[in-house]
Amino acid sequence: MEIKKILVILVLGLFLSSKSYAESSCLKMLNGYVPDDNMIKLAYLTKKSLTFYINNIRNMKDIDIKGYGFDDSMANQIEKKYNCPKTKFVKAYNRYGIPNPFKINGKLLKDYTNQVIVLEK
């Protein structure tokens, strides 16, 4: 009977520690990756999702961000490799170069630059 209790405690301990490792793995990757990539305006991480807001204006034109690798394949890789939540990529600007009016934490997207925002709730 005691061995079963020890095994249950051990399994729960491993499960809980792997979850916190996964969360820190995702955040560690973001903190190392986002500041060095000028195409990323903002990475917004919550418990349920990770949204990258991508600078999609180059030479005064709207580019296809999928052509730069910001696609479902990259999202799946980020989710699996770093154990991040559901990941998606969103254009930061409309096709005319005007910032999209997204509000993150009460602040407009245009006011952020190469940052990682983590919502803890």
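Throughout, numbering of the chain's residues begins at 1 and tracks the sequence.
- Not a single donor-acceptor pair under 3.5 Å links the side chain of Thr113 to the backbone N or O of Asp111.
- Both Val116 and Met74 are members of a single hydrophobic cluster when ILVMFWY side chains are connected at heavy-atom separations under 4.5 Å.
- Side-chain atoms of Asn56 come within 3.5 Å of backbone atoms of Tyr93 as a donor-acceptor pair (strictly under, hydrogens ignored).
- Side chains of Ile117 and Gln115 form a contact here, defined as non-hydrogen atoms less than 4.5 Å apart.
- Between the side chain of Asn94 and the backbone N or O of Tyr96 there is at least one donor-acceptor pair closer than 3.5 Å.
- In this structure, the side chains of Phe89 and Leu50 stay at 4.5 Å or more apart for every pair of heavy atoms.
- In this structure, Asp71 contributes its side chain and Ser73 its backbone to a donor-acceptor pair below 3.5 Å.
- Within the 4.5 Å cutoff, side-chain heavy atoms of Phe70 are placed close to those of Met39.
- A donor-acceptor pair under 3.5 Å is absent between the side-chain atoms of Asp62 and the main chain of Gly97, judged by distance alone.
- No side-chain donor-acceptor contact under 3.5 Å links Asn114 to the backbone of Asp36.
- Shown here for Lys91 and Ile63, the closest heavy-atom pair between the two residues is NZ-O, 3.4 Å.
- By the 30° and 60° cut-offs, the orientation of the rings of Tyr53 relative to Phe102 is tilted.
- For the pair Val34 and Phe52, the minimum side-chain heavy-atom distance is below 4.5 Å.
- In the hydrophobic clustering of ILVMFWY residues, with side-chain heavy atoms under 4.5 Å counting as a link, Leu30 and Ile65 come out together.
- Using a 4.5 Å cut-off on side-chain heavy atoms (C-beta onward), Val90 and Ile54 make no contact.
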